[in-house]
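What follows is one structure encoded as structure tokens, with my remarks underneath.
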4 protein chains.
Amino acid sequence: MGGARDSGRRERRRAAILRAAVDVFAKRGYTAARMREVAQSAGVADGTLYLYFAGKEALLIAILEEHAEGFLARAKRDANRVADPRKKLAAVVSRHLASLERDRALAHVFQIELRHSRRFLRQVARGQVAKYLHLIERIVRDGAASGAFRGDIPPEVTARAVFGAIDELVTGWVLATRPRPLAEQAGPLLALLMEGLEARLGAQR
Amino acid sequence: MGGARDSGRRERRRAAILRAAVDVFAKRGYTAARMREVAQSAGVADGTLYLYFAGKEALLIAILEEHAEGFLARAKRDANRVADPRKKLAAVVSRHLASLERDRALAHVFQIELRHSRRFLRQVARGQVAKYLHLIERIVRDGAASGAFRGDIPPEVTARAVFGAIDELVTGWVLATRPRPLAEQAGPLLALLMEGLEARLGAQR
Amino acid sequence: MGGARDSGRRERRRAAILRAAVDVFAKRGYTAARMREVAQSAGVADGTLYLYFAGKEALLIAILEEHAEGFLARAKRDANRVADPRKKLAAVVSRHLASLERDRALAHVFQIELRHSRRFLRQVARGQVAKYLHLIERIVRDGAASGAFRGDIPPEVTARAVFGAIDELVTGWVLATRPRPLAEQAGPLLALLMEGLEARLGAQR
Amino acid sequence: MGGARDSGRRERRRAAILRAAVDVFAKRGYTAARMREVAQSAGVADGTLYLYFAGKEALLIAILEEHAEGFLARAKRDANRVADPRKKLAAVVSRHLASLERDRALAHVFQIELRHSRRFLRQVARGQVAKYLHLIERIVRDGAASGAFRGDIPPEVTARAVFGAIDELVTGWVLATRPRPLAEQAGPLLALLMEGLEARLGAQR
DNA sequence: TATGAATGAGGTTTCATTCAT
DNA sequence: GATGAATGAAACCTCATTCAT
């Protein structure tokens with residue numbers, strides 16, 4: 001019982017620190033952020049941070065892993081709910097935009113602070129983004145096999161292009177002074193990706 | 001004559017410092033880069049850096065402006081050489097990939113170091129990237145007007161998607177241990193963007 | 001109890017840093033003094049200095065305030081112990097000389113380092129010296145009112161002259177290689193100030 | 001002829017640099033003053049300063065010597081014009097105040113910038129101030145011998161007290177926001193020094 | 001003689017992290 | 001486990017001075 005209660009307390013404190021880190025990193029930027037401010041925002045002493053995380057960069061990595069895993073799981077679940085590859089892709093894109101639109105500070109950290117160095121990016125790319133790219137790649141590959149998607153474009157290129165396009169929309173939204181809702185942009189983006197930019201004869205829109 | 005020679009000397013020295021900065025920033029990352037190493041790499045004294053650039057960040061900004069302007073000018077020129085909007089877009093994409101593939105250290109700085117803070121990103125986004133997005137947007141808009149492109153997708157979304165897709169390909173290339181040539185990826189990316197991901201009945205590829 | 005002990009510890013450490021600063025400033029001069037040397041002399045780490053004082057100049061200001069206040073309080077107390085304005089003035093002069101003679105390094109800092117810039121002097125002059133001048137002025141004014149002192153000299157001039165004369169004796173003592181004791185000079189100075197330089201008929205000395 | 005003309009040119013340039021140094025030192029303070037600003041103010045190139053003076057501190061010393069010598073010569077001449085020791089002292093005091101009141105920037109440098117370090121002060125004290133103290137001391141000593149002045153106060157103490165009193169008046173004038181004319185203060189100061197602060201029976205003022 | 005571009009030594013301060021309590 | 005006072009490494013930039021022209 002004591003163990004369980006302690007564990008709950010520990011878990012809550014860990015979450016508070018992580019939330020504080022997101023807010024402070026978003027507000028100040030990773031480099032300018034001070035561990036002291038994170039501690040104060042979380043309501044703990046400076047030294048306590050180090051009982052939960054190995055250091056400043058570990059905090060950044062933890063933010064990434066904490067949310068990326070949940071996000072990836074939700075995206076996979078959403079994709080699995082439908083059979084049509086087109087709908088799978090649409091589900092992933094919508095989930096991506098919705099997940100980040102819900103929490104602007106977190107989106108800021110994801111789009112900007114998590115990319116502050118090559119070494120860090122490598123860890124990110126090898127870790128979470130790679131998993132995400134694989135998910136898209138799998139959908140595209142399956143779609144090509146079933147005849148729903150074209151088969152003449154390397155799925156890795158498609159996956160990167162899809163991810164890059166979404167990613168840029170989000171970054172624009174994060175940096176904008178008066179951003180337009182992300183959710184609105186899912187439809188047009190999907191239309192572009194699915195059907196292409198060229199006008200079709202006999203199927204004008 | 002002395003003035004001309006001095007001016008040439010100054011110009012050469014400025015270029016040497018800028019080149020050194022690209023190399024050191026790419027090798028160490030902006031934060032870990034030491035001004036001393038830049039100076040040594042450029043073959044000048046520490047203090048000389050400050051006769052040419054206001055400081056470390058000014059060096060980063062100068063790298064951006066120096067190359068972004070030239071790149072943008074070349075992209076515009078390429079686009080203007082052809083009339084077909086499809087070919088214009090193809091020209092810009094190819095130029096983008098080719099420009100960065102030519103100089104990997106510079107590409108590294110563009111893809112990673114130039115994005116190390118929100119404040120900096122804002123300057124970048126508002127400055128050079130915005131110009132680039134406008135270029136793409138203009139092509140897309142004109143293409144829609146002439147009937148070559150669809151008219152139902154907001155051109156800003158298209159522009160961001162195109163830029164994001166290219167950008168991500170480049171970033172993947174910069175971070176990869178064994179990158180595949182960027183030039184090879186222009187074709188598939190364009191095919192995807194132009195014609196879309198969905199398979200066409202009666203026109204299988 | 002822990003709080004009281006900590007507070008004592010903090011107070012002792014603060015005093016040690018201040019003492020170290022006096023010694024190093026006197027030995028090297030303010031500009032040439034190194035914060036590192038102050039830290040080493042105080043037996044703390046470099047960064048610890050900044051937990052107690054805002055910076056190098058704050059150290060100088062703290063030396064001034066710390067000692068000037070005590071000195072002024074003692075001078076006032078001494079003056080209040082006697083009723084005769086002549087004795088009041090004598091008490092202040094003696095206290096001034098005695099206070100600085102007790103601690104040569106401190107005297108050095110007071111006479112030289114505390115005057116290293118106009119900006120700083122203004123703070124000094126407006127702050128502590130002004131208070132000191134007021135004390136003398138008050139004594140002189142009261143003495144004139146009671147008929148003990150002349151009434152035809154502006155008290156501000158008298159106060160500045162008295163302060164300047166003492167100050168110069170101390171500076172001479174600080175700069176001298178083989179200084180003669182300051183205490184010995186109080187009597188002659190007072191005789192001069194009180195009775196004047198001119199010989200008196202029928203009252204030869 | 002060429003030599004004479006060159007020499008005149010050199011002399012004028014030297015004077016311009018010295019004047020520029022006085023102005024810049026007074027405006028910024030010695031430490032904050034930049035050699036570049038002195039050069040610009042004098043209308044010469046940075047390097048030219050070093051063809052006339054050994055360095056920044058040499059500039060300060062040159063200001064001192066240049067003006068102190070002239071001032072001392074004038075003070076001596078003034079003193080020699082009268083026979084009465086009282087009038088000699090009055091002449092020196094008046095000259096002192098008048099000399100500095102004429103040029104506020106120079107007065108600033110004399111009162112503040114010339115005292116910025118012990119090493120420097122030693123040079124000053126050993127050099128010019130010592131000569132000045134000797135002048136006063138000689139007058140006081142002669143006055144005592146002739147019976148005009150008291151003989152019971154060590155002349156060195158008197159000299160320092162006189163110098164200190166004048167010096168403090170000037171410093172107050174330099175630092176004041178709205179200074180009252182120095183010349184007005186010569187009379188009261190002399191009255192104090194000559195006749196003393198105590199009220200005289202039967203000779204009230 | 002005059003120039004001014006180049007030099008390069010030098011130091012205060014910040015802040016992530018540690019560890020005695 | 002929690003605290004927070006203490007640590008100390010680390011680097012950008014300034015500016016007096018030099019010297020090739």
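In what follows, every heavy atom counts, from backbone to side chain, and hydrogens, waters and symmetry copies are set aside. No experiment lies behind these values; they were computed from the predicted model shown.
- The shortest distance between the side-chain N/O atoms of Tyr52(A) and the OP1/OP2 oxygens of dA2(F) is below 4.0 Å.
- Arg10(B) places its CZ atom 14 Å from the P atom of dG4(E), with the value rounded to the nearest Å.
- Contact annotation: Arg9(A) side-chain N/O to dA2(F) OP1/OP2 distance is under 4.0 Å.
- Toward the 5' end of DNA chain F, the nearer of the two residues Gly43(A) and Glu57(D), judged by each one's closest nucleotide, is Gly43(A).
- Put simply, the side chain of Tyr50(B) reaches to within 4.5 Å of the side chain of Met35(B), judged on heavy atoms.
- Under the 4.5 Å side-chain criterion, counting only non-hydrogen atoms from C-beta, Glu113(A) is not in contact with Arg28(A).
- Distance CG (Leu51(C)) to P (dT13(E)): 13 Å, rounded to an integer number of Å.
- For Arg19(D) and Asp23(D), the salt-bridge test passes: some basic side-chain N is under 4.0 Å from an acidic carboxylate O.
- What separates CG of Leu49(B) from P of dA5(E) is a distance of 16 Å, to the nearest Å.
- We find that CE of Met35(B) is positioned 16 Å from C1' of dA9(E), with the value rounded to whole Å.
- In this structure, CZ of Arg28(C) is placed 13 Å from P of dT12(E), rounded to the nearest angstrom.
- Across all strands shown, the partner of dT21(E) is dA2(F), judged by Watson-Crick or G-U wobble contacts whose two distances both fall under 3.5 Å.
- Remark: C1' of dG4(F) and OH of Tyr50(A) are 12 Å apart, rounded to the nearest angstrom.
- Taking atom NZ of Lys56(C) as the reference point, atom P of dT13(E) lies 8 Å away to the nearest angstrom.
- Looking at heavy-atom distances under 4.0 Å, Ala32(C) makes no contact with the nucleic acid at all.
- Remark: the backbone N or O of Leu175(B) is paired with a side-chain donor or acceptor of Arg122(A) at under 3.5 angstrom.
- Nucleic acid contact class of Ala54(B) (heavy atoms, under 4.0 Å, all strands): none.
- For Arg36(B), no side-chain nitrogen or oxygen approaches OP1 or OP2 of dA11(F) to under 4.0 Å.
- Along DNA chain E, the nucleotide nearest Asp46(A) and the nucleotide nearest Thr48(D) are compared for position; the residue whose nucleotide lies closer to the 5' end is Thr48(D).
- Side-chain contact between Phe53(B) and Ile61(B) is absent, with no heavy-atom pair separated by less than 4.5 Å.
- Gln40(C) has its CD atom 11 Å from the C1' atom of dG8(F), to the nearest Å.
- For the OP1/OP2 pair of dA2(E) and a distance below 4.0 Å, the side-chain nitrogens and oxygens of Arg13(D) include at least one atom meeting the criterion.
- Remark: Arg34(D) is not in phosphate contact with dT14(F), judged by side-chain N or O atoms under 4.0 Å from OP1 or OP2.
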